[in-house]
Amino acid sequence: MLLTFFFMAVSWIQSWRFNNIKHAVKNVLNSKSSISMYKDCNGSIPKLPHSQGNDKVNYIPCRSLSSSICLNQNEAFLSNLLFFSPSKRVCSVLPQQQVDINNWIAVPSEKTEFPLKLSGHTNLKLDESHVFIIIESDLGESHSVQNGLNFEVEYFGIPKSWYVGDLFVLLLESDLNRLAELTTLFLSNNLCFSNKLEITRIESVEVRGEPCKLSGVDLTSITRRLKSGSRGVINIKDEQEGLLSSHRKLYSAICEAATNAVSEHCSVTVSDFGLTINPESAEENSQNGYLPIREETDRAKSCDIDRKDSYDSLSLRCPSDSVINHSNSSNYFSECGTLRSTPLSQFNKSCISVYRLVKNLEKCDADKSGFTSMDSLNTAYSTLSGRRVSVPHHGEVSTGKPPVITIFSSSSSSVENVRNSLHEIVERDRYTIHSLNLNKMISSPWLQKSKLVIICGNVPPSLVPHLLKYLVSDGGQILCICSDLLGVFLSSFQTAEVRPDEIVRLNYDKWKHVPLMHHIFCYQPSPTSDQFPPEESLSDSVSARTPSSVEVIDMNNESHTLLVKVLGVEETWHTPSFLLATCLSSEGKVLFSQVHLDSDPVKSEIYSEKPSSDKKVRLEILADLLLKHFDIKCCLETVKSSYTPAYFLGNHEQKLSFLEDIKESMIDNGLKIKDLAIKFYGKGQNPSKASENFLPILLHSCPARFSTVEYFDNLKTKEFGRLVIYSDILKTSMALLAGPKMANGLAVIPRLQTRGSGRAGNEWLSPEGSASYSIQLHISLDSELGQHLSLLQHIVSLASVHAIVSKPGYERLSLGLKWPNDIYAGDNVKIGGVAVNTFIYGRTAVCNIGAGLNLSNSLPTTCINDMVDELSQSSGGKLKKISHESYFAWVFNELELFVNAAQEGRIPEILDLYYQYWLHENAEISVVQADGSKKNVTIVGLDKYGFLEVRGTKGEKFSVQPDGNSFDMFEGLIAPK
């Protein structure tokens, strides 16, 4: 019963779709227009006419709208763009296109295989709505297709004549029903003739003249000669090679002879094949086995329909069974149709997209503005696979991301101490440093994906099994600084309490008698010696008392052997200061330090003066341990970055207006924004020195390392990026926007960030050469985008990628988007990301956007300009590397364009383009349900708020959202109750 109902529903949908398409085709034919459907591999969209007032329309010629075989092709202009997919267009074209077939070759009424395999059925019944259509293949560009749909020409009409020049063109007499069916078939399939030659255009035309007739030889003999390969002509049915040059030469010779026969009004012979071309009349042709061409086609009579019907809505069912609405309207400036009611999850980039007309189209004119028009949103690039280039890869092979060092401690000061120490010794361009709370350490995938986990202080019992699994199963690396985890993993060690802030003398490798602060507890191997050994044998004695291996039991009750080695000892308590334990099975490592490598000794009640310890020595020891045992690249000789002043760039009047708007928040031309103080300096004022917490901003100076000319020459926006605060070195660009409400579109651009801010407070690497920026947007909560604010991060990610790939020459760069906010090179190399922080002021959302992209920095993974070099080498050209100034301007251009479009209700169009870049089509993932269980699902798309929409194994659809981690967004997704 259910199957019967399903069959009835599918049948009804198919019938409804066909009737709607038929209705639209009738409208075109009734308007004395031509319907033109063609394949456009370049992904371009013909421009619509722009209003010039007083009901006059300035039509823009577009040569691709009509076939070059048409007499009035140069006069063709777009009347309406009906439907399109990433590579197909269906248009109505004015004026009606005309072809002269006097020098064409008539198709015989009997069975033939020349030039195509035809059955010769002449009893096809056409209704009164007859129409002539040309079906063509571009011999210069087309090729034989193995998986194309070989459609039956004679089902759709009666073949009348053919012509070969640069094109192979077949004239077909058809009717409304068959043309509607052919339109549907063309949009959803790659069609080819019986000889596997791909069809690139179908167009309705008005026919003039009569074709020539071939005589003098049985046409089947030509087919036999082609099949046998005589005269060097290869089998016409060859699926691999298609129509070769010798085959085309024969066709062209016949058509050239036909042209001579018409011009000279006499018969012409093609001697090689014994063919005679006769320019005969229609009556003679009908008497000699050829069907006459109708001289008159009054389509207005057979397609009589009220004009108002052309405003009706049309829905198409795509191959993926997703519904997309479309409206065919002769009102060029009305928003015809909507996608807002369509579930976003049902969009598929292979589906027929929707073309929407907008009132302010002139504002987005690419010729004037220099940036992408919204007309091309849905057709910029059909698939990522079509523009793949090899991606130079310098990051972790397993993750494609920068190596991560994770810090855990219940003390925020300890976390900060470790972070500061790492920043001074590890290579800045290579590692990201994250700190996690207990909940994330237990539930998120961060732990398993970290190159090194640093533990400071005591470890909660609930975390111990996870750290043990990380060590013995995942082969993880752990550095424990003054942690009780030592007594858990190495159970043979006993503890003896020592006084707080105890200072001991450390001996490690080449470093001797180094004063460092000991942990409050002192772990010693058992049993201990009754007498302290002499100094020269101290290390050997401690090593002798330390067990060479221990056994640990994991959560599965399996035993694992840890090999133990003493690396350093202290003189005071004769205990091991550094212990290295290596898992025999997984090669995981844990290094225990009983002295504080994260901070310098401090004076205490016992030590009235601070011990004379060189901070550099402590960092040298820490760096040596990290490099030797965890392969963490360190560089103690790194010159610390000196913070630089900032420059306020933009139009003078706009800058004054901005300062006037924020003057109530300023004191002495300065602002206090959390931990950062900024101050504006005018002409003749000497700015104070920039630091991590103070930023002087110069109002009337230009930076030496940022070309304002190049930037503003490329910037085409109205607001976004018109005001810029630029600095060579900042702590983080997001800090400047974290205070009072600034200006809509104000951008902050650093050349380098010392502590870039990522999602959820994580650190974002921002080395020299990367392109990072922050921008503040003001969005009304009552607006279209204001009601879908969570989509903003997707819009920013899209703008960051599309700004590059939409530029000529860069289309084949393999850039993709990973939900929700990552930018990828290829499928697995992360090169960028987006973070959005939002504050509400009344009915306005103030959105502070931070984005970063590896533009010219090869480390820690790869960068855009490395990919540009690779693309240049593979294509044999020379692409120009992208400058920072151009990139920022391009991104702001696209971002303003997309935001404005979203406010106009065109979010579905933006998402349709977004899908062209994202990396998750039909991906299978698991989600965590409300009861904590996991469920396998398939990604379908995005819901209207930008959350991931998935489909369960039983076909049910629901949305999921991340649990806060951004290390692997497909581990730990939460499904709402």
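Every heavy atom of this structure was used, including side-chain atoms; hydrogens, water molecules and symmetry mates were not.
Residue pairs meeting the side chain to side chain donor-acceptor pair (under 3.5 Å) criterion with at least one member in residues 623-633, sequence neighbours excluded: Tyr508-Asp624, Asp509-Lys628, Asp624-Lys628, Asp631-Lys633. Under the side chain to side chain donor-acceptor pair (under 3.5 Å) criterion, no residue pair touches residues 453-481, with sequence neighbours excluded.
Annotation: side chain of Ile864 is in contact with side chain of Leu815 (closest heavy-atom distance under 4.5 Å). Residues Leu591 and Leu579 have side chains not in contact (no heavy-atom distance under 4.5 Å, counting atoms from C-beta outward). Using a 4.5 Å cut-off on side-chain heavy atoms (C-beta onward), Arg951 and Glu956 make no contact. Annotation: side chain of Tyr945 is not in contact with side chain of Leu789 (no heavy-atom distance under 4.5 Å). Side chains of Ile849 and Val834 form a contact here, defined as non-hydrogen atoms less than 4.5 Å apart. The shortest distance between side-chain heavy atoms of Cys583 and Lys589 does not fall below 4.5 Å. At least one side-chain heavy atom of Leu942 sits less than 4.5 Å from a side-chain heavy atom of Trp819. With contacts defined as side-chain heavy-atom distances shorter than 4.5 Å, the pair Leu438/Phe408 qualifies.
At a cut-off of 3.5 Å, with distance as the only test, a side-chain donor of Ser411 or Ser413 sits close to an acceptor on the other residue. Looking at Ser858 and Asp866, their side chains do bring a donor and an acceptor atom within 3.5 Å of each other.
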task = Just do the side chain to side chain donor-acceptor pair (under 3.5 Å) check on Asn507 and Glu570 with the steps written out, would you?
result = CA-CA 6 Å; Asn507 293 328; Glu570 50 87 8; over 6 Å; no
message = Could you walk me through whether Glu551 and Ser559 satisfy the side chain to side chain donor-acceptor pair (under 3.5 Å) test, starting with their C-alpha distance in whole Å, then the side-chain angles of each, then the deciding distance to 0.1 Å, before giving a yes or no?
response = CA-CA 6 Å; Glu551 297 294 318; Ser559 178; 2.8 Å; yes
task = With side chain to side chain donor-acceptor pair (under 3.5 Å) as the test, would you mind laying out the steps for Ser959 and Asp943 before giving the verdict?
result = CA-CA 7 Å; Ser959 296; Asp943 67 14; 2.7 Å; yes
ask   = Where do Asp598 and Ser421 land on the side chain to side chain donor-acceptor pair (under 3.5 Å) test, with the steps shown first?
value = CA-CA 6 Å; Asp598 55 320; Ser421 297; over 6 Å; no
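A side-chain contact (heavy atoms from CB on, under 4.5 Å) with Cys480 is found for exactly one of Ile454, Leu467, Val590, Leu486, namely Val590. Screening Asn437, Leu436, Ile442 for a side-chain contact (heavy atoms from CB on, under 4.5 Å) with Asn439, the sole residue that qualifies is Asn437. Evaluated for a side-chain contact (heavy atoms from CB on, under 4.5 Å) with Ile455, the options Ile407, Ile478, Asp484 yield exactly one hit, Ile478.
Here the closest heavy-atom approach between residue Thr862 and residue Ala825 is recorded as CG2-CB, 4.1 Å. The nearest pair of heavy atoms linking Met441 to Val453 is CE-CG1, 4.1 Å. Scanning both residues, Ser599 and Arg618, for their nearest heavy atoms gives O-CD, 3.3 Å. A pairwise comparison of heavy atoms in Val426 and Leu626 identifies CG1-CD1, 4.4 Å as the closest pair. Pairing each heavy atom of Leu506 with each of Val569, the nearest pair is CD1-O, 3.5 Å.
Applying the 6.0 Å contact sphere to CG of Asp675 captures no more than 12 heavy atoms from other residues, nucleotides or ligands. Atom NZ of Lys565 has 12 or fewer neighbouring heavy atoms from other residues, nucleotides or ligands inside a 6.0 Å radius.
The main-chain N or O of Val472 is found under 3.5 Å from a side-chain atom of Ser586 such that the two form a donor-acceptor pair. Using modelled atom types, no side-chain atom of His596 and backbone atom of Cys482 make a donor-acceptor pair closer than 3.5 Å. The backbone N or O of Ser926 sits nowhere less than 3.5 Å from a side-chain atom of Asn936 that would complete a donor-acceptor pair. For the pair Ser450 (side chain) and Leu452 (backbone), a donor-acceptor distance under 3.5 Å is absent. Glu949 places no side-chain N or O within donor-acceptor distance of the main-chain N or O of Ile939, the cut-off being under 3.5 Å.
One finds no salt bridge joining Lys616 and Glu424 here, because no Lys/Arg side-chain nitrogen approaches an Asp/Glu carboxylate oxygen to under 4.0 Å. The pair Asp822-Lys830 meets the salt-bridge criterion, since a charged nitrogen lies less than 4.0 angstrom from a carboxylate oxygen.
By the 30° and 60° cut-offs, the orientation of the rings of Trp918 relative to Tyr914 is tilted.
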